[in-house]
A.B. asks: 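First the structure, which I've put down as structure tokens, then a few questions once you've had a look.
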Amino acid sequence: MELTDLQAQRAAKLEQLRAAGIDPFPPRCQRSHTIGAALAAFDNLVARETTITLAGRIIGARRVMGKIAFAHIEDGSGEIQLWLSRADVGDEWFERFRDQIDTFDIVQATGTLRRTKTGERSLFVRELRVLAKAINPPPEKWAGLQDVEERHRQRYLDLIVNRERRDVFRARARIITTMRRALDERGFLEVETPVLQPLYGGAAARPFTTYHNALGQNLYLRIATELYLKRLIVGGFPGVYEIGKNFRNEGVDRSHNPEFTMMECYQAYADYHAMMALVEEMLGEICLAVHGTLTITYQGRELDFRPPWPRITMAEAIAERTGIDITRHTDLTSLHAAIAERGLRVDRKASWAKQVDELFSEFVQPHLVRPTFVIDYPVAMSPLAKRIPERPDFAERFEAFIAGMEIGNAFTELNDPFDQEERFREQLRAFAAGDEEAHQMDEDFINALRYGMPPTGGLGIGIDRLVMVLTDQPTIREVILFPHLRERTD
RNA sequence: GGGCCGGUAGCUCAGCGGUAGAGCACCUGACUUUUAAUCAGAGGGUCGUGGGUUCGAUCCCCACCCGGCUCACCA
């Protein structure tokens, strides 16, 4: 790989260090404190004049004068200023600091803590060591690394330079930890199910396909964990959950990434009302863990996580926004007529369910800013959910919306194997008619249901979108460390 | 996939037919309390890629690559 001038300069300095018998990449350091710990114990360490050794990356500019020098280092726990004087570290290392050590190099410094005359807490260095020489130069000192593409392609650099971005991913970890604890405390068992699946199911999506050489078999990367987790409810676990990646072979936009993290949980002897309560409680706990309050701001808009969240049926929501009552237009012709009557766009290619969904997505979803449950979806859109006894064309299903985004999806799970089989057959017909996202027939899942699955509530939460909401990030790419980007060919 | 915008020094950006610019960074020198250090000086570019128009193209035209926003799609 060809080096730029700046890289070559740094590589030359590295060789100078080697020539002086200094390993620019020594295997160990002698750190006595993290910077965070040293700052926390600062007054004590000053009073006792304790000699300590800190390590970290040089950030910002080195300020080297004739006989003294300043620089800041950071180690992930904090930042501190180094104060170096020619008298204390000696000519050799003072000049080495000036001539061979650069911004971004990782160093170790031994000395005592004190405040400078301006009052800044600093390590007055007596001994310096190089821990790792940086060959790549830093971006611009003030503007930093702005270019979105480079921030994502070189996330490591983004995290060094834009250190506040680390907080987004710390919050992400806290969100997942808190969710896991909430589920554990409620008796759910964490499980792992296959990522490589011979059939894909549990969601409406196109899959990524791969091939197992030894078995001579096509496999799919999972689009959901649902059908495996419900097999475990059949198997007798009272509650299970899985947090993991799903893969959907679809487009990329501000709220979609081809691989994304989903939490799915299933609770035996519960229904979708119990799942609504679970969402309210669990997301409340998570919001408190991250923000310490249940009312937060997302992209300038207030979000109130205090329970109970509003509940509105899909039919009511559509009627409210469009004046169309889908419960009275139960066939496509009638529905199209109602849409046309109001001067709205009719999708001639859509099925009834698809047309309903389009009405919902276009006219209702953008308005669902505060945390809201939309409940009771048409059965035709919900092939894995149980019918509402009094209204068998609708299913006991809800989706949770926050800031106009679908965050969660839940049902009272369909446990009638005959109905499930018929729903799969309906999906096969849709697939044959050109719906590439229709579900596949899963005979083994039907077989599991034939052994009897208790009434069960199931829930999926899109972790990435939840993190967006709770960290006030505008796009999903900002909450995924390494978001999907096209390969660069130059 | 459509529309709009962008890709120029390591980074942040200006320039938009006539020798390629600034700031920061880097390099050289001075400097014992800096923190956007300061002062003086120097270097650094296939202007995303490939064609075309032109006496001459970073600039105009075409195609392509890579992004951003947006619409569509993806419940």
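What you see is a predicted model; the values in this text were computed from it and never measured. Chain identifiers are assigned alphabetically (A, B, ...) following the order of the sequence lines, protein sequences preceding nucleic acid strands; residue numbering begins at 1 within each chain.
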A.B. asks: For the side chain of A/Glu140, counting heavy atoms from C-beta on, which of B/rC11, B/rA25, B/rC74 is nearest?
C.D. replies: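 Of the options given, the side chain of A/Glu140 lies nearest B/rC11.
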A.B. asks: When we call it a touch if two heavy atoms are under 4.0 Å apart, what does A/Arg86 touch: a base, just sugar-phosphate, or nothing?
C.D. replies: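 No contact at all - A/Arg86 keeps every heavy atom at 4.0 Å or more from the nucleic acid.
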A.B. asks: Below the 4.0 Å mark, does B/rA25 have OP1 or OP2 next to a side-chain nitrogen or oxygen of A/Lys141?
C.D. replies: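 Yes, A/Lys141 has a side-chain N/O under 4.0 Å of OP1/OP2 on B/rA25.
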A.B. asks: Do you know which of A/Arg115, A/Gln81, A/Arg114 makes side chain to side chain contact (heavy atoms under 4.5 Å, CB included) with A/Arg121?
C.D. replies: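 The option that passes is A/Arg115.
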A.B. asks: Taking CD1 from A/Ile407 and C1' from B/rA75, how many angstroms apart are they, rounded to a whole number?
C.D. replies: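 Atom-to-atom, A/Ile407 to B/rA75, this comes out as 14 Å.
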A.B. asks: Which part of the nucleic acid, if any, lies within contact of A/Ser85, taking any heavy atom under 4.0 Å across all strands shown: a base, the sugar-phosphate backbone alone, or nothing?
C.D. replies: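 The residue A/Ser85 makes no contact with any strand.
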A.B. asks: Base, sugar-phosphate, or nothing for A/Glu406, non-hydrogen atoms under 4.0 angstrom?
C.D. replies: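 Answer is sugar-phosphate: A/Glu406 comes under 4.0 Å of backbone atoms only.
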A.B. asks: Whether the A/Asn246 and A/Glu259 side chains hold a donor-acceptor pair (N or O, under 3.5 Å, no angle test) is what I'd like checked.
C.D. replies: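 Checked: A/Asn246/A/Glu259 side chains show no N/O donor-acceptor pair below 3.5 Å.
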A.B. asks: For the pair made of CH2 in A/Trp83 and P in B/rU34, what is the distance, rounded to whole Å?
C.D. replies: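 Answer to the nearest Å: 12 Å.
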A.B. asks: Using a heavy-atom cut-off of 4.0 Å across all strands, would you classify A/His152 as base, sugar-phosphate, or nothing?
C.D. replies: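 Touches nothing.
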A.B. asks: To the nearest angstrom, how far is A/Lys354 atom NZ from B/rA72 atom P?
C.D. replies: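 Rounded to whole Å, this separation is 12 Å.
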A.B. asks: So what does A/Thr475 touch, heavy atoms closer than 4.0 Å: a base, only the sugar-phosphate, or nothing?
C.D. replies: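 Contact class for A/Thr475: sugar-phosphate only.
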A.B. asks: Can you tell me the pairing partner of B/rG1 across any strand shown, Watson-Crick or G-U wobble, with both distances under 3.5 angstrom?
C.D. replies: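 Its partner is B/rC71.
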A.B. asks: Tell me: CD of A/Glu399 to P of B/rA75, nearest whole Å?
C.D. replies: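 Between P of B/rA75 and CD of A/Glu399: 10 Å.
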A.B. asks: Name the nucleic acid region contacted by A/Arg477, choosing base, sugar-phosphate or nothing; use a 4.0 angstrom heavy-atom cut-off, strictly under.
C.D. replies: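 The answer is sugar-phosphate, as A/Arg477 gets under 4.0 Å only of primed atoms, P, OP1 or OP2.
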A.B. asks: What residue among A/Glu406, A/Gln473, A/His256 forms side chain to side chain donor-acceptor pair (under 3.5 Å) with A/Arg465?
C.D. replies: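 The single option meeting the side chain to side chain donor-acceptor pair (under 3.5 Å) with A/Arg465 is A/His256.
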A.B. asks: Heavy atoms only, 4.0 Å cut-off, all strands: where does A/Asp147 land among base, sugar-phosphate and nothing?
C.D. replies: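 Since only primed, P, OP1 and OP2 atoms lie under 4.0 Å of A/Asp147, the category is sugar-phosphate.
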A.B. asks: Using whole Å, report how far CG of A/Asp347 lies from P of B/rC73.
C.D. replies: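 After rounding, the reported distance stands at 8 Å.
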A.B. asks: Return each pair, listed once, that meets ring pair (Phe, Tyr, Trp, His ring centres under 6.0 Å) where at least one residue sits in residues 110-158 of chain A; pairs must be two or more places apart or across chains.
C.D. replies: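 Output for this query lists A/Trp83-A/Phe124.
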A.B. asks: For A/Val64, which contact category applies under a 4.0 Å heavy-atom criterion: base, sugar-phosphate, or nothing?
C.D. replies: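 Contact class for A/Val64: base.
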A.B. asks: Look at the side chain of A/Gln81 against the base of B/rU34 and say whether a donor-acceptor pair falls under 3.5 Å; ignore hydrogens and angles.
C.D. replies: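 Check passes, donor-acceptor contact within cut-off.
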A.B. asks: Does A/Arg397 make a side-chain donor-acceptor contact with the base of B/rA75, cut-off 3.5 Å?
C.D. replies: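 Side chain to base: pair found, below 3.5 Å.
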A.B. asks: B/rU33, B/rG67, B/rU34: which one has an atom nearest the side-chain heavy atoms of A/Phe124?
C.D. replies: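 Within the option list, the nearest is B/rU33.
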A.B. asks: What does B/rC27 pair with, Watson-Crick or G-U, if both distances are under 3.5 Å?
C.D. replies: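 In the structure as shown, B/rC27 has B/rG41 as its Watson-Crick or wobble partner.
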A.B. asks: Expressed as a whole number of Å, how far does the P atom of B/rU34 sit from that of B/rC39?
C.D. replies: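 It comes out at 15 Å once rounded to the nearest Å.
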A.B. asks: Do any side-chain nitrogens or oxygens of A/Arg10 fall under 4.0 Å of OP1 or OP2 in B/rG10?
C.D. replies: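 For B/rG10, neither OP1 nor OP2 has a side-chain N or O of A/Arg10 closer than 4.0 Å.
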A.B. asks: State whether A/Lys117 places a side-chain N or O below 4.0 Å from either non-bridging phosphate oxygen (OP1 or OP2) of B/rU32.
C.D. replies: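 Answer no for this pair, as no side-chain N or O of A/Lys117 is under 4.0 Å from OP1 or OP2.
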A.B. asks: Compare side-chain N and O positions of A/Arg151 against OP1 and OP2 of B/rG67 and report whether any pair is under 4.0 Å apart.
C.D. replies: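 For B/rG67, neither OP1 nor OP2 has a side-chain N or O of A/Arg151 closer than 4.0 Å.
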A.B. asks: Using the rule given for side chain to side chain contact (heavy atoms under 4.5 Å, CB included), can you reason through A/Met263 versus A/Met179, listing the C-alpha separation, both sets of side-chain angles and the distance that settles it, and then say yes or no?
C.D. replies: CA-CA 9 Å; A/Met263 187 288 294; A/Met179 180 177 286; 3.5 Å; yes
A.B. asks: Would you classify A/Gly60 as touching base, sugar-phosphate or nothing, given that sugar-phosphate means primed atoms plus P, OP1 and OP2, and contacts are heavy atoms under 4.0 Å?
C.D. replies: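 The answer is nothing, as A/Gly60 stays clear of every strand by at least 4.0 Å.
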A.B. asks: Tell me which nucleotide, if any, is Watson-Crick or G-U wobble paired with B/rG6 when both distances must be under 3.5 Å.
C.D. replies: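 Result: B/rC66.
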A.B. asks: Pairs of donor and acceptor atoms involving the side chains of residues 48-55 of chain A, under 3.5 Å and at least two apart or interchain, shall be tabulated with distances.
C.D. replies:
residue, atom, partner, partner atom, Å
A/Arg48, NE, A/Asn44, OD1, 2.8
A/Thr51, OG1, A/Arg126, NH2, 3.0
A/Thr53, OG1, A/Thr110, OG1, 2.9

A.B. asks: If we ignore angles and hydrogens, is there a donor and acceptor under 3.5 Å between the side chains of A/Glu226 and A/Tyr228?
C.D. replies: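 Absent: no donor and acceptor within the cut-off.
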A.B. asks: For A/Ala61, answer base if it contacts any base atom (sugar-phosphate contacts may also be present), sugar-phosphate if it contacts only those atoms, and nothing otherwise; contact means non-hydrogen atoms under 4.0 Å.
C.D. replies: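 Sugar-phosphate: the residue A/Ala61, judged by heavy atoms under 4.0 Å, touches backbone atoms but no base.
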A.B. asks: Where do N or O atoms of nucleotides 4-9 of chain B meet protein N or O atoms at under 3.5 Å, pair by pair?
C.D. replies:
none

A.B. asks: If you compare every side-chain N and O of A/Arg486 against the phosphate oxygens of B/rG67 (OP1, OP2), does one of them come in below 4.0 Å?
C.D. replies: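 Checking B/rG67 against A/Arg486, a side-chain N or O does come within under 4.0 Å of OP1 or OP2.
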